[in-house]
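Letters A, B, ... mirror the listed sequences (proteins, then strands); counts begin at 1.
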Number of protein chains: 2
Amino acid sequence: MINSRLAVSVHILALIATHPEQLSSEYIAGSVNTNPVVIRRLTGLLRQAGLLQTVAGKTGATLTKDPAAITLLMIYRAVEPKETLFSMHEQPNPACPVGRNIQSTLDDTFVRAQQALEAELEAETLSDVIHRLASAR
Amino acid sequence: MINSRLAVSVHILALIATHPEQLSSEYIAGSVNTNPVVIRRLTGLLRQAGLLQTVAGKTGATLTKDPAAITLLMIYRAVEPKETLFSMHEQPNPACPVGRNIQSTLDDTFVRAQQALEAELEAETLSDVIHRLASAR
DNA sequence: ATTTCTGTAACTAAACTAATTACATGTAAA
DNA sequence: TTTACATGTAATTAGTTTAGTTACAGAAAT
């Protein structure tokens, strides 16, 4: 199971996008229901990815792009360091025809599957999420 | 990162499918490069899913379907108990409009992404993998 | 009977996740 | 300028997951 960092990050960015006032990490943590440090760790990654700006010591964060220009894939990549989705067993037996070629063979499939998933994440923007949040109200 | 059980299971099934003789869990473990118990745990799950048959105490395992009728999605579902791919944070604040609706909103996206991934796994069969293994030789 | 295999429970080490504590440092208002 | 409060980040912890391993019961075959 993929960790909850994407879910929490989308939550954070949706909050920032829909609130004109500056939100503290403590306030955001109250909405997400977690510890403020968890929020600041994620905003740190989102800042490194160029999705928002913060000023140390100063309350709040600001999006650096329009919500319609922020895809869920950007957010996912920002907070998920692992490049490959599927794990593979290490060092299968090179003396066996199957063992020798299983990694490259499976890699083709795994890359395709991962790309299909990422294409869906790329097709959805923060703006889409915000609109669905509003209509769910 | 998704665990390596799918990769190992495909490896196991490809070995069984391409060897007329009966293969012991120890032999398979030698090709995968792991412990025989790891193999038997996975063949147990694959058997429960109806993909192969074994007889306790008797060497070997036999596929119960044609390799062309076994999709990677069947294998994935057989060895991966978790139904949802993405985790979500628990109990976001219901007093906040974002917190109240983030779960159902994100669930839509996560289900779509997971389905896209699973569609790729469904489009590939054990037979496809075996052919690619053979052409890689 | 003895050997060899599978099935499975139980335990372990390593890795990962999220929560938490602690604190350095920056901002801004009194 | 001092005080209060915020962010950034390192370090620690508890819980979970994964794969590897040991141990052993029970089935099969010689």
#### Entry: ring-ring contact (aromatic ring centres under 6.0 Å, His included) pairs, two or more places apart, involving residues 50-75 of chain B
none

## Note on the structure
Here the ring-ring contact (aromatic ring centres under 6.0 Å, His included) pairs for residues 101-125 of chain B, sequence neighbours left out, are B:Phe86-B:Phe110

With sequence neighbours left out, write down each residue that passes salt bridge (charged side-chain N to carboxylate O under 4.0 Å, His left out) with [X], or none if nothing qualifies.
| X | answer |
| --- | --- |
| A:Glu122 | none |
| A:Arg40 | none |
| B:Arg112 | A:Glu120, A:Glu124 |

#### Entry: Atom-to-atom span, CD1 of B:Ile39 to P of D:dA19 - whole angstrom
11 Å

### Task
Would you please say whether a donor-acceptor pair under 3.5 Å links the side chains of A:Thr125 and A:Asp128?
yes

#### Entry: Stretch residues 71-80 of chain A: residues that reach within less than 4.0 Å of DNA chain D through a heavy atom
none

#### Entry: Residues in ring-ring contact (aromatic ring centres under 6.0 Å, His included) contact with B:Tyr76, at least two apart in sequence or another chain
none

### nucleotides 20-30 of chain D: protein proximity per nucleotide (B base, S sugar-phosphate only, - neither; heavy atom, under 4.0 Å)
BBBB--BBSS-

### Task
Specify the residues of residues 2-32 of chain B, ordered by number, for which at least one heavy atom lies under 4.0 angstrom from an atom of DNA chain C.
B:Ser24, B:Ser25

### Query
Using a heavy-atom cut-off of 4.0 Å to chain B, what are the terminal contacting nucleotides of DNA chain C, in 5' to 3' order?
C:dC5 to C:dA10

### Query
Between the main-chain N or O of A:Pro36 and the side-chain N or O of A:Glu26, is there a donor-acceptor pair closer than 3.5 Å?
no

### Expected output: side-chain B:Ser31 to main-chain B:Ile28 donor-acceptor under 3.5 Å
no

Table please: side-chain donor-acceptor pairs of residues 88-99 of chain A below 3.5 Å, with sequence neighbours left out.
residue, atom, partner, partner atom, Å
A:His89, NE2, B:His11, ND1, 2.9
A:Asn93, OD1, A:Ala95, N, 2.8
A:Asn93, ND2, B:Gly30, O, 3.3

Donor-acceptor contacts under 3.5 Å from residues 58-66 of chain A side chains, at least two apart:
residue, atom, partner, partner atom, Å
A:Thr64, OG1, A:Gly50, O, 2.5
A:Thr64, OG1, A:Leu51, O, 3.1
A:Asp66, OD1, A:Ala68, N, 2.8

#### Entry: Pairwise distance CG(B:Leu6) to CG(A:Leu106) - rounded to 0.5 angstrom
7.0 Å

